Each structure stands twice: as structure tokens, then as C-alpha cells.
Q: 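Before I ask anything, let me first share the structure, which is written out below as C-alpha cells.
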Amino acid sequence: MTRRTIDIPETFHFETDYRVVYSDINAANHLAADRILPIALEAQFRFIKNLGYSDAIVFEDAGLIMVHSETEYKSESFHDDMLNVSVAVTELKGKSMELFFLIANKGTQAETARVRATLLFFDYKEQKVTQVPEGFKQRVNNVYETQF
């Protein structure tokens, strides 16, 4: 099988720290590969909260549903390591948003993982995919000085 890689964008819009907890560790005593996506989702939650939303699940009459994700595990991290998670918005148009996550170990300066996720905006009242809310797009542009 051909190894796939995730190309990281040049600009990141948000970053947060995450401490590796015991439940993130696998039998080999390092950060489990299946914990990378939940760490990225926590960073996504914090990113949306940083935009000023009190509810990071449903906002602007829409919520987000993940329809695709890819993870590239790069190096080990261990219990109690502090990770830095950088988030980049690369697409924000139509009905979707694409987020990239770069996870790095703050102690070793080693890149731990990369994640790319495609999210759709979803109207839970109507039970259907909806356009990117203009208010959300404006907040992203204002807070992160982007031009989506």
C-alpha cells in the first residue's frame, strides 16, 4: 500500500495545548493512534469557542458533522507530555469547511501527528446539510484576518 501524507498549510489560525492523559496511552505505553482524532476534535471545539460561540456544537442555526478525516501519526508522545495543536482553516465555502491540525510535542519539539478533516454544516431542525452560515464566515474572517 502506498503511504499517504498530509500536506500542511503554511498558515495556522488557532493553537491550543493538550496534556496527554492516562486514557490516551496504549499497551505500548505511548500515545495511541486512535486518540489523535479525539485530540483534534478537542482543538476544533476550542477553535469554535475562541470565535466567541458559547455552544461549539450548534451555532448560527447550524452544527458541524465530520464527513471525512485522515490521520498521519508521526512520532511517539507519552503520558503527561504537553502537546501543541495548531488549527488551520483552508476551505470555507459552499456547505463545508476543511480543517488541518498539526500536533507537536512541546517538550521534544517533535511533530506527533497531522490530521485533515472535512466538515459539513448541518441544520438539525431541517435535518439537512446547509450552506456555511455567513455569520460564521464573518467571525472567522474577523478573528483570523482571512478572506473566505
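These figures come from a predicted structure and were not determined experimentally.
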Q: Under a 4.5 Å cut-off applied to non-hydrogen side-chain atoms, are L64 and I48 in contact?
A: yes

Q: Please name the pair of heavy atoms, one in T146 and one in V140, separated by the smallest distance, quoted to 0.1 Å.
A: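 Taking every non-hydrogen atom into account, OG1-O, 3.5 Å.
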
Q: Run the ring pair (Phe, Tyr, Trp, His ring centres under 6.0 Å) test against Y53 and tell me which residues pass, sequence neighbours left out.
A: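 By the ring pair (Phe, Tyr, Trp, His ring centres under 6.0 Å) rule, Y53 matches F59.
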
Q: Is there a side-chain contact between N141 and E145 in this structure, where contact means two heavy atoms from C-beta onward sitting under 4.5 Å apart?
A: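 No, too far: nothing below the 4.5 Å cut-off.
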
Q: For residues 62-104, which residue pairs qualify under ring pair (Phe, Tyr, Trp, His ring centres under 6.0 Å), counting only residues two or more places apart or in two chains?
A: none

Q: For a 4.5 angstrom cut-off between non-hydrogen side-chain atoms, does V115 reach L99?
A: no

Q: State the CZ-CG distance between F136 and L92, to the nearest 0.5 angstrom.
A: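 These two atoms lie 6.0 Å from each other.
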
Q: If you compare all heavy atoms of V132 against all heavy atoms of S96, which two are closest, and at what distance to 0.1 Å?
A: CG2-O, 3.6 Å

Q: Please report the shortest heavy-atom distance between V89 and F148, naming the atom on each side.
A: O-CZ, 3.3 Å

Q: Checking T5 against E72 for the side chain to side chain contact (heavy atoms under 4.5 Å, CB included) test, could you report, in this order, the C-alpha distance in whole Å, the side-chain angles of both residues, the deciding distance, and whether it holds?
A: CA-CA 7 Å; T5 59; E72 184 178 358; 3.8 Å; yes

Q: I would like to know whether V85 and L102 meet side chain to side chain contact (heavy atoms under 4.5 Å, CB included); could you show each step before the answer?
A: CA-CA 6 Å; V85 185; L102 176 62; over 6 Å; no

Q: Sequence neighbours left out, what passes side chain to side chain donor-acceptor pair (under 3.5 Å) with E111? Give chain and number order.
A: R114

Q: Please list all pairs meeting salt bridge (charged side-chain N to carboxylate O under 4.0 Å, His left out) that have one or both residues in residues 61-71, counting only residues at least two apart or in different chains.
A: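 Residue pairs with at least one partner in residues 61-71: R4-E70, E70-R116.
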
Q: On a heavy-atom basis, which atom in L51 and which in R139 lie closest, and how many Å separate them?
A: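 Shortest heavy-atom contact: O-NH1, 3.2 Å.
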
Q: Membership question, hydrophobic clusters at under 4.5 Å side-chain separation (ILVMFWY): are F14 and F12 in the same one?
A: no

Q: Rounded to the nearest 0.5 Å, how far does CD of Q44 lie from OG1 of T16?
A: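 Between T16 OG1 and Q44 CD, I get 13.0 Å after rounding to 0.5 Å.
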
Q: Provide the closest heavy-atom pair for A117 versus M66 in the form atom of the first, atom of the second, distance.
A: CB-CE, 3.9 Å

Q: Would you check if the side chain of N142 reaches a backbone N or O of Q138 as a donor-acceptor pair within less than 3.5 Å?
A: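 Yes: the side chain of N142 pairs with the backbone of Q138.
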
Q: I103, V21: one ILVMFWY side-chain cluster at the under-4.5 Å cut-off?
A: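 Yes, same cluster.
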
Q: Tell me, please, which residues at least two apart from D81 pass side chain to side chain donor-acceptor pair (under 3.5 Å).
A: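 D81: side chain to side chain donor-acceptor pair (under 3.5 Å) contacts with N105.
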
Q: Just verifying a value: how many Å separate T90 OG1 and E10 CD, rounded to the nearest 0.5 Å?
A: 12.5 Å

Q: First locate atom OG of S54, then atom NZ of K49, and finally report the distance between them rounded to the nearest 0.5 Å.
A: 6.5 Å

Q: With side-chain hydrogen bond (donor to acceptor under 3.5 Å, both in side chains) as the rule and sequence neighbours excluded, what pairs involving residues 117-127 come up?
A: E98-T118

Q: Quick one: do L83 and I6 end up in the same hydrophobic cluster if we chain Ile, Leu, Val, Met, Phe, Trp and Tyr together by side-chain heavy atoms under 4.5 Å apart?
A: no

Q: Mind checking the CG-CD spacing from D55 to E60? Nearest 0.5 Å is all I need.
A: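 D55 atom CG to E60 atom CD measures 11.5 Å (nearest 0.5 Å).
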
Q: Work out which heavy atom in F121 is nearest to a heavy atom in M97; give both atom names and the distance.
A: CE1-CB, 3.9 Å

Q: Show your reasoning for whether side chain to side chain contact (heavy atoms under 4.5 Å, CB included) applies to R19 and D80.
A: CA-CA 6 Å; R19 186 171 301 278; D80 213 32; 3.0 Å; yes

Q: Please report the interatomic distance CD1(I36) to OG(S69), rounded to the nearest 0.5 Å.
A: 12.0 Å

Q: Give the cluster check for V143 versus L119: same hydrophobic cluster or not, with ILVMFWY residues linked at side-chain heavy-atom distances below 4.5 Å.
A: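 Same cluster.
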
